[in-house]
Number of protein chains: 2
Amino acid sequence: MTCQRCAILEAVRGVSSHPTADEVYEMVRENLPNVSLGTVYRNLEILSANGIIRKLGPEECKMRFDGNTKKHYHVRCRVCGRVDDVDVPSFLPPKARVRGNGEYKITGYSMEFTGVCPRCAKQKQA
Amino acid sequence: MTCQRCAILEAVRGVSSHPTADEVYEMVRENLPNVSLGTVYRNLEILSANGIIRKLGPEECKMRFDGNTKKHYHVRCRVCGRVDDVDVPSFLPPKARVRGNGEYKITGYSMEFTGVCPRCAKQKQA
DNA sequence: GTAGTTGCAAATTATTTGCAAGGCA
DNA sequence: TGCCTTGCAAATAATTTGCAACTAC
């Protein structure tokens, strides 16, 4: 636990704003002006891999396109990344309440399932 | 509706694999070897803006970090992108069934709410 | 002393944009 | 004719990586 890692952890814990790597970098730089962005990325990765902080965000940073515009849901294979359609019978989205701030207007949600596709499941067996 | 745009639309509609922009590019190139990747991006954007195809993917392509590792859900302001915590009382994730393939193992899900934060709601009024 | 960590700079990846030339209405 | 679109190449943006110097135990 180096000085940098500790400062990065404190920065993430010290705010409730779910900062991006770059925002963490800016925060840490106020106390340690010489930290490098690379160090911030490396430590955020290590801290979240160890369950000390949580990583929010896209499993994959690529846009995908679907010729089917009817509303439906997707599963994403967490091994190879492929995306398939799923049927979800009778799903009613839950009500969400923003903590401490009633003026937040919640207008929608997005949901995606995670799994292992047949091909990757088979490879794992071997 | 140019020749390129039509080929891009057909490529997306012709597969059920939810292709990335790059995969669409490769498909279109088989018939139109001179298309440029820029054209593919531009047309995918236009087609999805017009509701002709659907864009799947992250609202934002940046990782965010959360010092709170307890399970909870988030809202993302669709104007400024900020992320806040929400409480979701008693939510049981729905059952999903993969179309035409029972061997897909679904192991989890991710859900995020969308809305407008108080700050952006106020700016919109003015 | 040695394994892990740092700062820096260059590399990667996905995507966007500027621009001059071309095509369709 | 004039606006939209194209191909190309350069620009951006987020993130990763190679490397030599350094630090903690």
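Heavy atoms only: backbone and side chains are in, while hydrogens, waters and symmetry mates are out. The sequence lines fix the lettering, A, B, ..., with proteins before strands; numbering per chain opens at 1.
Rounded to an integer number of Å, the gap from B/Asp22 CG to C/dT13 P is 11 Å. What separates OH of B/Tyr41 from P of D/dA9 is a distance of 17 Å, to the nearest Å. Put simply, CG on B/Leu32 is 8 Å from P on D/dG7, counting in whole angstrom units. Atom P of nucleotide C/dT16 and atom CD of B/Glu45 are separated by 6 Å, given to the nearest angstrom. With rounding to whole Å, B/Ile46 atom CD1 is found 15 Å from C/dT15 atom C1'. Rounded to an integer number of Å, the gap from CG of B/Leu37 to P of D/dT12 is 18 Å. Rounded to an integer number of Å, the gap from A/Asn50 CG to C/dG4 C1' is 14 Å. In this structure, OH of B/Tyr25 is placed 16 Å from P of C/dT16, rounded to the nearest angstrom.
For the pair B/Asn50 (side chain) and B/Ile52 (backbone), a donor-acceptor distance under 3.5 Å is absent.
In summary, the side chains of A/Thr39 and A/Arg5 do not present any donor paired with an acceptor at a separation below 3.5 Å, with no hydrogens or angles considered. Using modelled atom types and a 3.5 Å distance limit, the side chains of B/Asp66 and B/His74 yield a donor-acceptor pair.
Close to D/dC8, at under 4.0 Å from its OP1 or OP2, lies no side-chain N or O of B/Ser36. Neither OP1 nor OP2 of D/dT23 sits under 4.0 Å from any side-chain N or O of A/Thr2. Phosphate contact (OP1/OP2 of C/dG7, side-chain N/O of A/Gln4, threshold under 4.0 Å): present. Dashed line: the shortest gap from a side-chain N or O of A/Asn43 to OP1 or OP2 of C/dT6 is under 4.0 Å.
Out of C/dT15, D/dA14, C/dG7, the shortest distance to the side chain of A/Thr39 is found at C/dG7.
Side-chain atoms of A/Arg5 stay outside donor-acceptor range of the base of C/dG4, with no qualifying N/O pair under 3.5 Å. In terms of polar N and O atoms assigned as donor or acceptor, the side chain of A/Arg42 never comes within less than 3.5 Å of the base of C/dG4 in a complementary pairing.
Taking the six-membered ring where the residue is Trp, B/Phe91 and B/Tyr109 present perpendicular rings, their angle passing 60° and hence far from 30°.
In this structure, B/Gln123 places its CD atom where only 12 or fewer heavy-atom neighbours from other residues, nucleotides or ligands lie under 6.0 Å away.
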